[in-house]
Amino acid sequence: MSKLSEPSIYVIFGGTGDLSRRKLLPALARLAKSGHLNPRSHIMAVAIEPLDDDGFRKLAREALAAAGVPPEDVVLLGGDALHYHGIGKGGPADFQALAKRLKDLEHTHDLPGNRAFYLALPPQVFVSTIDGLGEAGLNKSEGWTRVIVEKPFGHDLASAVELNRQIHRWYDEKQIYRIDHYLGKETVQNLMVLRFANTIFESVWNRDRVEAVQITVAEDLGVGTRAGYYDRSGALRDMIQNHLTQLFTLVAMEIPSAYEAEAIRYEKIKVLRSTRPVDPEAVVRGRYTAGTIDGKPVPGYLDEPGIAATSKTETFVGVPLYVDNWRWSGVPFYLRTGKRMGKRLSQIAVRLRPTPAALFDSLGQQNETADALLIRLQPDAGFSLHFDVKVPGSPFQTSRVPLGFRYSERFPAIPEAYETLLLDVLEGDQTLFVHADEVEQSWRLYAPLLETSTPLHGYPAGTWGPPEADHLAIPDTDLWQESWSNGK
Ligand code: BG6
């Protein structure tokens with residue numbers, strides 16, 4: 001986040017919806033406050049409700065207050081820069097009216113015609129909206145035109161290929177910003193710095209030294225009020241295909257030739273191409289049953305509001321991935337995610353191979369755990385390297401200690417993922433956005449699983465997933481889940 005963006009209009013489709021209120025408007029407000037959003041910028045919310053500009057301005061004020069943006073920090077988003085356009089039934093005349101409105105706004109405020117269209121919309125209306133924009137000539141302008149697409153990006157390989165084809169009818173790849181908000185997280189961006197700005201890690205980052213990698217994204221929340229979306233999606237489509245697969249590519253990719261979008265995407269796509277499509281038999285799917293979270297009883301998935309008793313949707317997936325290349329051949333990457341788990345925790349664990357000779361065994365001391373690097377993405381972001389030291393005194397004893405770094409101790413303010421990503425769109429930087437080929441290659445990995453019916457194992461809410469998935473994890477799971485936060 002460096003320079004001041006060019007003046008532009010951020011057009012948010014679904015501008016009155018949940019994503020806009022909770023994430024997009026607060027992120028734009030923070031960018032305005034920090035001086036990154038050009039003060040000549042405008043924001044146009046588009047939705048079907050019969051609202052006017054004043055109605056939307058009130059909605060925005062309430063949303064910013066609810067998101068914790070203090071009123072004195074609201075610059076730009078407090079007044080005349082906010083606009084609302086009702087899109088009616090979304091017919092050609094409605095999109096023409098939008099085009100005219102944008103043109104008039106640009107004329108009145110002498111703007112250069114830079115437009116970012118953010119589709120914060122349900123997937124069913126992606127294509128009709130893109131077509132509406134294209135047919136109204138809103139795929140180009142006197143300045144730049146960019147379109148931002150939220151996940152889910154397709155629901156399988158065929159639908160993702162088709163969606164890419166539809167979007168490419170109007171917009172070329174350089175105009176398309178596919179958001180995976182995990183890529184905007186500072187700690188995720190730091191993965192590349194950790195790997196490529198330090199020699200210590202790169203020298204062990206291979207099959208000779210690494211025994212296994214585990215990528216965990218655990219949530220204590222349940223399905224909440226999103227039953228309609230989630231029950232059609234499930235953990236594989238909601239989390240594994242996008243967020244966890246992105247983390248996986250960043251851990252496994254080769255060093256890019258430059259820190260720029262094309263070079264990084266090229267390496268990420270290469271990893272996906274080298275990865276074996278999953279074996280459905282090796283994957284474990286689970287679904288939470290009633291249990292307790294933080295001492296409070298919570299219902300099972302089937303008893304959540306809006307979930308049908310006949311639902312077959314998983315809330316947990318454990319999947320092993322194997323990269324068939326020289327660096328990683330034979331090293332399992334365990335991807336695990338679930339809702340209603342023990343606690344919120346996103347973490348990458350890299351377990352190194354044990355020492356080749358167990359020197360201290362002769363002293364009755366077993367080197368039980370190999371060295372390990374834990375990269376904690378959230379909460380309590382940072383990393384820790386775990387290794388053995390001698391416990392002072394006798395009898396001879398070793399103990400596992402962490403060498404750690406915590407973001408909070410060094411950098412108290414970390415920008416929200418959406419702030420970074422919304423600004424990157426304005427700056428035309430696609431480094432943290434997902435390329436069409438990446439989406440398709442990622443769906444290709446999970447295609448065999450989506451085509452097969454596999455068992456669904458129960459796990460009580462508040463636990464770490466079904467026991468059937470225990471083997472899809474690095475052993476010593478207490479080390480991976482607890483040790484650092486307990487300061488052990
Ligand atoms: C979203 C998923 O993409 O990511 C949600 O749809 C999930 O189901 C969320 O809760 C997790 O994001 P974060 O940033 O809270 O880890």
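Just so you know, residue 1 is the first one in the sequence shown, and it goes up from there. Order of appearance sets the numbers: ligands from 1, and atoms from 1 within every ligand. Because the structure is a prediction, the values reported are computed rather than measured.
Close approach of ligand 1 to H243 is summarised as follows: ligand atoms under 4.0 Å from at least one heavy atom of the residue are 1 (C), 3 (O), 4 (O). The ligand atoms of ligand 1 that sit less than 4.0 angstrom from a heavy atom of K339 are 5 (C), 7 (C), 8 (O), 10 (O).
Nearest protein heavy-atom contact of atom 15 (O) of ligand 1 is R344 NH2, 3.5 Å. Counting only heavy atoms of the protein, atom 7 (C) of ligand 1 lies nearest to E219 OE2, 3.4 Å. When only non-hydrogen protein atoms are considered, atom 5 (C) of ligand 1 lies nearest to R226 NH1, 3.4 Å. Scanning the protein for heavy atoms near atom 8 (O) of ligand 1, the closest one is D238 OD2, 2.6 Å. Residue, atom and distance of the protein heavy atom nearest to atom 12 (O) of ligand 1 are H181 NE2, 3.2 Å.
Taking the charged nitrogens against the carboxylate oxygens, D371 and R351 have no contact shorter than 4.0 Å, which rules out a salt bridge. Ionic pairing of D437 and R265 is not present here: no N-O contact between side-chain nitrogen and carboxylate oxygen is shorter than 4.0 angstrom. At a threshold of 4.0 Å, the pair K270-E254 does not count as salt-bridged, since none of the basic side-chain nitrogens sits closer than that to a carboxylate oxygen.
The shortest N or O to N or O distance between S346 and ligand 1 is not under 3.5 Å. Looking at K185 next to ligand 1, an N or O pair under 3.5 Å apart turns up.
F333 has its ring centre less than 6.0 Å from the ring centre of W328.
Counting heavy atoms closer than 4.0 Å to ligand 1, residue Y182 contributes side-chain atoms (C-beta onward) but none from N, CA, C or O. At a heavy-atom distance under 4.0 Å, no atom of E150 approaches ligand 1.
For the 3.5 Å distance criterion, the side chains of Q175 and R146 fail to qualify, holding no donor opposite an acceptor.
Ring geometry, F117 versus F13: the interplanar angle falls from 30° to 60°, so the pair is classed tilted. Ring pair Y118/Y10 is tilted by interplanar angle, where 30° to 60° counts as tilted.
Around the CG atom of D294, the shell of radius 6.0 Å holds no more than 12 heavy atoms that belong to other residues, nucleotides or ligands.
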